[in-house]
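As structure tokens, the structure follows; a few thoughts come after it.
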Amino acid sequence: MSRRRVVTLAALGTVIALALGVTVWTLIANDYGIHEERVTIAGPRGELHADLVTPIEHDGPHGLVIFVHDDGPADADRGDQYKPLWDSFAKAGYASLSWDKPGVDGAPGNWLDQSMHDRAAEVEAAISWAYSRPDLDATRIGLWGAGQAGLVIPEVLARRHNVRFATLVGPTVDWARQTRFEATADLGDASKPEVDAAARARAERVRLLRDGASHADYLRAKVDAEPLTATRWRFEETNIGADATADLGRISVPTLLILGGHDRVTDVDATEKAYRTHVPADLLTVKRFDDATHRITRNDIEYRDDLRVKAREMFAPRTVYAPGYLDALRVFARRNSR
């Protein structure tokens, strides 16, 4: 055999070995201890198309964590982002339930037609549905939610007394205040005049929304460089008055508040103050991840869009999240499972 052929075969063997190694590593990194089942729930305004995720290594009936999405269109697993979280809850013996927002992936309706009260009604429908499943222990129901879910979960907790615990990640407390915060939170090294101009423009948007201005009036005001669509304007107008403050004072279950030090969506200092002021101290646990973003992903990779980040998301999805976050979910759920 010629030396060139030997070298070529050796190189081919190396490529095959590397490919097999990557494949094995990917399988290990994405090997979650969960079983996924597609279910349909009778919702308040149409069917909810949901994923029920149960632990493989724990015998049922399982406790259940109901997921409540942040803002924006979202399918049940939020583009696979939830799977590491589901796995953490599974390690604590909990199933997870999450559904496509209305209008997403063929689900009936349109999420932009919803108020926060409508979203709370969905969660209550899911709680009621859990009682119909013999593999679920409806006496052990928890809620997990991020961002906009902060305007949903407290309402549910204020009305339902069959929820065991709640975990809120960078939750919104006041829609209008958050709208103003977002205007300047991501400006980075912008000059003070630029920051002040952005704040004034967003304050004017809030005023127009509160006054019930039409979308045409909003466009004429030219307060946003990239104007909201008519459907988004209607959604904002419906929810501009949403405020969870009163409901925070009615929370009566253990609550884990998780905040990221580099959150560019939620004013985490104001949120923490509101929770500490209104939620009974013996029920509230606050965990801050200083180097984490709104989703409690690592700040050093959240806003990068390169191959290394994509590779991490594919080959090591758990490492996208801030160290300790997934463990915090598991520990808190387990602590409140008795």
Side-chain angles (χ1 to χ4, degrees), residues 62-70 85 88-89 91-97 116-117 119-124 126-128 130-131 136-175 177-178 242-261 263 266-290 292 294-296 322 324-338:
H62 310 289
L64 178 67
V65 178
I66 296 173
F67 274 58
V68 185
H69 297 303
D70 198 348
L85 282 62
S88 290
F89 286 123
K91 286 181 170 66
Y94 275 83
S96 295
L97 179 73
M116 297 302 100
H117 176 74
R119 298 196 62 200
E122 287 184 339
V123 177
E124 294 193 68
I127 293 172
S128 297
Y131 283 86
L136 299 178
D137 179 0
T139 68
R140 293 189 295 129
I141 290 179
L143 305 179
W144 175 97
Q148 195 181 90
L151 297 167
V152 178
I153 288 177
E155 179 179 338
V156 175
L157 296 177
R159 290 208 304 254
R160 300 292 292 246
H161 301 290
N162 54 344
V163 175
R164 184 70 67 89
F165 66 89
T167 297
L168 294 110
V169 179
T172 302
V173 175
D174 178 325
W175 186 292
R177 184 172 65 196
Q178 173 154 320
D243 187 340
T245 304
D247 286 332
L248 292 182
R250 299 166 65 189
I251 289 177
S252 59
V253 300
T255 300
L256 175 60
L257 176 64
I258 295 180
L259 304 170
D263 195 323
T266 297
D267 183 345
V268 294
D269 292 332
T271 293
E272 181 174 356
K273 181 179 179 181
Y275 272 71
R276 289 194 183 278
T277 299
H278 298 285
V279 179
D282 62 330
L283 295 177
L284 181 64
T285 301
V286 179
K287 278 192 171 294
R288 279 214 183 212
F289 293 88
D290 292 338
H294 181 61
R295 295 192 299 125
I296 316 301
Y325 170 52
L326 299 177
D327 287 337
L329 298 180
R330 173 183 53 80
V331 169
F332 190 74
R334 181 169 290 164
R335 183 189 306 158
N336 292 287
S337 65
R338 302 174 182 85

Who are the side-chain contact (heavy atoms from CB on, under 4.5 Å) partners of [X], not counting sequence neighbours?
X      : answer
Asp290 : Arg288
Asp327 : Arg330
Ser128 : Arg160
Arg250 : Ala158, Asp247

**Counterpart residues, side chain to side chain donor-acceptor pair (under 3.5 Å), relative to Ser96 (two or more places apart)** =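 Per chain and number, Ser96 pairs via side chain to side chain donor-acceptor pair (under 3.5 Å) with no residue.
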**Message:** Applying side chain to side chain donor-acceptor pair (under 3.5 Å), can you list everything that pairs with Asp174, at least two apart in sequence or on another chain?
**Reply:**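 None.
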Might you point out which heavy atoms bring [X] and [Y] nearest each other, and give the distance in Å?
X      : Y      : value
Ser88  : Leu329 : CB-CB, 4.5 Å
Ala244 : Gly150 : CB-O, 3.4 Å
Leu257 : Glu272 : CD2-CA, 4.0 Å
Val268 : Gly260 : CG1-O, 3.7 Å
Ala166 : Phe332 : O-CE2, 3.7 Å
Asp70  : Gln148 : OD1-N, 2.9 Å

To the nearest 0.5 Å, how far apart are [atom1] in [X] and [atom2] in [Y]?
X      : Y      : atom1 : atom2 : answer
Leu248 : Leu157 : CG    : CG    : 9.5 Å
Arg335 : Thr285 : CZ    : OG1   : 5.5 Å
Thr167 : Lys287 : OG1   : NZ    : 11.5 Å
Thr255 : Ile258 : OG1   : CD1   : 11.5 Å
Ile251 : Leu168 : CD1   : CG    : 7.0 Å
Ile66  : Ile141 : CD1   : CD1   : 5.0 Å

Is the shortest side-chain heavy-atom distance between [X] and [Y] below 4.5 Å?
X      : Y      : answer
Tyr94  : Trp144 : no
Arg177 : Asp267 : no
Leu85  : Leu326 : yes
Met116 : Trp175 : yes

Go through the structure and list residues passing ring-ring contact (aromatic ring centres under 6.0 Å, His included) with [X], not counting sequence neighbours.
X      : result
His62  : none
Phe289 : none
Tyr275 : none

**Prompt:** Partners of Asp243 by salt bridge (charged side-chain N to carboxylate O under 4.0 Å, His left out), sequence neighbours excluded?
**Reply:**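 Counting only residues at least two positions away or on another chain, Asp243 forms no salt bridge (charged side-chain N to carboxylate O under 4.0 Å, His left out).
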**Request:** Name all residues meeting the salt bridge (charged side-chain N to carboxylate O under 4.0 Å, His left out) criterion together with Arg119; count only those two or more places apart in sequence or in a different chain, and write none if there are none.
**Result:**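 For Arg119, no residue satisfies salt bridge (charged side-chain N to carboxylate O under 4.0 Å, His left out) once neighbours in sequence are set aside.
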Polar side-chain atom of [X] near backbone of [Y] as donor-acceptor pair, under 3.5 Å:
X      : Y      : answer
Thr271 : Pro171 : yes
Thr266 : Gly170 : yes
Arg164 : Val253 : no
Arg334 : Lys91  : yes

